[in-house]
Enquirer: 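Here you go, one structure.
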Amino acid sequence: MNDLSYILNELGEDREQYFRAISPPIMQTSNFAFKKVEELRKVFEDEFSTYLYSRGLNPTVDILRQKLAALDEAEDCLVFNSGASAIFASVFSNVQSGDHIVSVKSPYTWAQKMFDNILPRFGVTTTYIDGTHIENFERAILPNTKIIYLESPNSWDFALQDLRAVADLARAENIITICDNSYCTPLYQKPVAMGIDMVLQSATKYIGGHSDVVAGVLTGTRQMMKKIFDNELLNMGNGITPFNAWLLIRGLRTLPIRLERISNSTTKVVNYLKKHPLVEEVIFPFDPSFPQINLAKKQMGGACGLFTMVMKAEKMQQIVTFCESLRHILMAVSWGGHESLAIPRCASILPENFDAGNRAHKMIRFYVGLEDPEYLIADIEQAFAKAR
Ligand SMILES: *Cc1c(COP(=O)(O)O)cnc(C)c1O
């Protein structure tokens, strides 16, 4: 049974093991005791088989692993102490000196820093491509290409890749595909079901959902998860702690209703912004004006929370004034929590380099949280009034 309600409320939980408590315990232990030498010998041979030491497997983490694997329709799952850890482990475990990676351009910051700063030290090179056209993948693949790295949608311009087409191409060439699914979560997109080998997401975002935990999820075949567990996870010691795993189990209980609420509110805020005279453009994958709307509708079950506005501004100061005038919407990185956020692209541009003719310089990324959409619209309205 893989019903969503079953996965979120029951799968992996066994109350008879813990005094019939409804909320599973936080198994706050570093190690586990054995009665038989033979049992110890077995676990030394295969630590992925049972509990030995909490840098490896832990019962609270296991409840979460089962739920997250089922949500992705994957065989197995590993949970890390950050999304960045999940990215690093998935890529690092599958390359060696002399290998080549094809990545979509402008992937998540720390994926790009890994490709640019760390992997070249080990003789691994990366080619970035515009992933909106399948021909660009075909052209970039070399005989030594081992991984195709995807992020669909991208979290700034929301560019999509045709996941089925890329998966088919990669299979034929024996290349491993990895997709960052943080934007959609498994509720709105299931890349494994479309043929992608490994799926990762920052659980810091929607899974946690309350801006109080940093964590990352990686799903794929049992064989691949075991390989990464035996090497990268145990060696780097970057697995999630039992307490943070418990927070994510709690977050999962309300994930569907949070996403539904956020989707409805986001549509309202987007429609308000599209009519505003100080807005040049709103970039949102489920908006009719989005260039890849057909692909979005084909491979995504929904879009929510995150979108980008291009502000009509002659000077950078107008964007600065707008962002600094927001009273309720907070200026911060990240997203996926209860609170709405805004972040201007110009924060990473020196003022003297600002170019009003460059659309990217005028981007402000919004995240719509759980507040009343009218409360958010009123906040944006008063900030626009100051930025005129
Ligand atoms: C936040 C984020 C990550 C990294 O996750 P952390 O939990 O912050 O390490 C990866 N990919 C995307 C798209 C993100 O937004």
Side-chain angles (χ1 to χ4, degrees), residues 61 64 68 72 77-92 103-118 128 131 147 149-161 163 177-189 191 196 198-219 232-233 236-241 243-245 247-248 251-252 255 259 262 266 283-285 300 303-308 330 332-337 339-343 345 347-348 363 365-369:
V61 177
L64 179 64
L68 291 168
D72 263 350
C77 163
L78 296 175
V79 193
F80 293 87
N81 60 10
S82 71
S85 273
I87 293 171
F88 195 86
S90 66
V91 172
F92 202 71
S103 168
V104 288
K105 65 175 180 171
S106 310
Y108 178 67
T109 317
W110 293 95
Q112 175 140 11
K113 283 182 193 269
M114 170 187 63
F115 294 137
D116 293 347
N117 303 337
I118 298 180
Y128 296 105
I147 291 175
Y149 188 87
L150 309 168
E151 183 181 324
S152 188
N154 174 280
S155 65
W156 266 92
D157 63 12
F158 310 102
L160 309 180
Q161 301 96 57
L163 296 181
T177 44
I178 303 174
C179 180
D180 184 334
N181 197 33
S182 300
Y183 182 92
C184 281
T185 84
L187 264 56
Y188 285 168
Q189 183 165 271
I196 298 296
M198 271 191 278
V199 181
L200 64 90
Q201 59 176 318
S202 167
T204 313
K205 312 292 162 53
Y206 289 122
I207 308 286
H210 298 76
S211 301
D212 51 12
V213 54
V214 175
V217 184
L218 181 68
T219 59
E232 284 71 22
L233 189 143
M236 292 195 259
N238 53 5
I240 194 171
T241 61
F243 179 60
N244 281 347
L247 283 172
L248 294 187
L252 280 177
L255 182 64
L259 290 192
I262 292 169
T266 304
I283 312 168
F284 179 59
M300 292 161 60
C304 67
L306 216 56
F307 64 86
T308 291
L330 304 174
V333 296
S334 195
W335 42 277
E339 77 293 2
S340 292
L341 306 169
I343 189 150
R345 201 54 176 293
S348 40
M363 284 179 172
R365 191 181 73 179
F366 281 90
Y367 164 69
V368 173

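Order of appearance sets the numbers: ligands from 1, and atoms from 1 within every ligand.
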Enquirer: Would I283 and M363 count as a side chain to side chain contact (heavy atoms under 4.5 Å, CB included) if you check the C-alpha gap in whole Å, the side-chain angles of each, and the deciding distance to 0.1 Å?
Expert: CA-CA 10 Å; I283 312 168; M363 284 179 172; 3.9 Å; yes

Enquirer: Under 6.0 Å between the ring centres of F366 and W335?
Expert: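 Distance test on ring centres: not under 6.0 Å, no.
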
Enquirer: Does Q201 approach ligand 1 within less than 4.0 angstrom via side chain, backbone, both or neither, non-hydrogen atoms only?
Expert: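 Near ligand 1, Q201 shows nothing, with every heavy atom at 4.0 Å or more.
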
Enquirer: Would I87 count as being in polar contact with ligand 1, using the rule that some N or O on each side must be under 3.5 angstrom apart?
Expert: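 No: no nitrogen or oxygen of I87 is under 3.5 Å from one in ligand 1.
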
Enquirer: Measure the distance from atom 6 (P) of ligand 1 to every protein heavy atom, then report the residue, atom name and distance (to 0.1 Å) of the closest one.
Expert: G83 N, 3.3 Å

Enquirer: Considering non-hydrogen atoms of the protein only, which is the closest contact for atom 11 (N) of ligand 1, and what is the distance?
Expert: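 Minimum-distance protein heavy atom for atom 11 (N) of ligand 1 reads D180 OD2, 2.6 Å.
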
Enquirer: So, does A215 sit close enough to ligand 1 that a heavy atom of it is under 4.0 Å from the ligand?
Expert: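 Checking ligand 1 against A215, which is what was asked, there is a heavy-atom contact under 4.0 Å.
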
Enquirer: Identify, for atom 7 (O) of ligand 1, the protein heavy atom at the shortest distance, and state residue, atom and that distance.
Expert: T204 OG1, 2.6 Å

Enquirer: So which atom in S90 and which in I87 form the shortest heavy-atom distance, rounded to 0.1 Å?
Expert: OG-O, 2.9 Å

Enquirer: Sub-3.5 Å donor-acceptor pair from the side chain of T308 to the main-chain atoms of W156, do we have one?
Expert: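 Yes, the answer is positive, given that a donor and an acceptor are paired below the 3.5 Å cut-off.
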
Enquirer: Which protein heavy atom lies closest to atom 8 (O) of ligand 1, and at what distance to 0.1 Å?
Expert: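 Residue, atom and distance for the closest contact: Y108 OH, 3.8 Å.
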
Enquirer: How far is atom 2 (C) of ligand 1 from its nearest protein heavy atom, and which residue and atom is that?
Expert: K205 NZ, 2.5 Å

Enquirer: Tell me which part of S182 gets within contact of ligand 1: side chain, backbone, both or neither, using heavy atoms under 4.0 Å.
Expert: side chain

Enquirer: To the nearest 0.5 Å, what is the distance between CZ on R365 and OG on S155?
Expert: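 Here the interatomic distance stands at 5.0 Å.
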
Enquirer: Evaluate A84 for polar contact with ligand 1, using N/O atom pairs at a separation under 3.5 Å.
Expert: yes

Enquirer: I'd like to know if W335 contacts ligand 1, where contact means a heavy-atom distance under 4.0 Å to any ligand atom.
Expert: yes

Enquirer: Numbering the atoms of ligand 1 from 1, which are under 4.0 Å from a heavy atom of S202?
Expert: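 Result: 1 (C), 2 (C), 3 (C), 4 (C), 5 (O), 6 (P), 7 (O).
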
Enquirer: Given I196 and N181, is the side chain to side chain contact (heavy atoms under 4.5 Å, CB included) satisfied, shown in steps?
Expert: CA-CA 11 Å; I196 298 296; N181 197 33; over 6 Å; no

Enquirer: Where does the angle between the aromatic ring planes of Y149 and F115 fall among parallel (under 30°), tilted (30 to 60°) and perpendicular (over 60°)?
Expert: perpendicular

Enquirer: Nearest 0.5 Å please: distance from the CZ atom of F92 over to the CD1 atom of I147.
Expert: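 So the CZ of F92 and the CD1 of I147 are separated by 11.0 Å.
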
Enquirer: Please identify which of these residues, C304, P285, S152, P153, meets the side-chain contact (heavy atoms from CB on, under 4.5 Å) condition with C184.
Expert: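 The residue from C304, P285, S152, P153 that satisfies side-chain contact (heavy atoms from CB on, under 4.5 Å) with C184 turns out to be P153.
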
Enquirer: Where does W110 meet ligand 1, judged by heavy-atom distances below 4.0 Å: at the side chain, the backbone, both, or neither?
Expert: neither

Enquirer: Using a 3.5 Å cut-off on N or O atoms only, is E151 in polar contact with ligand 1?
Expert: no

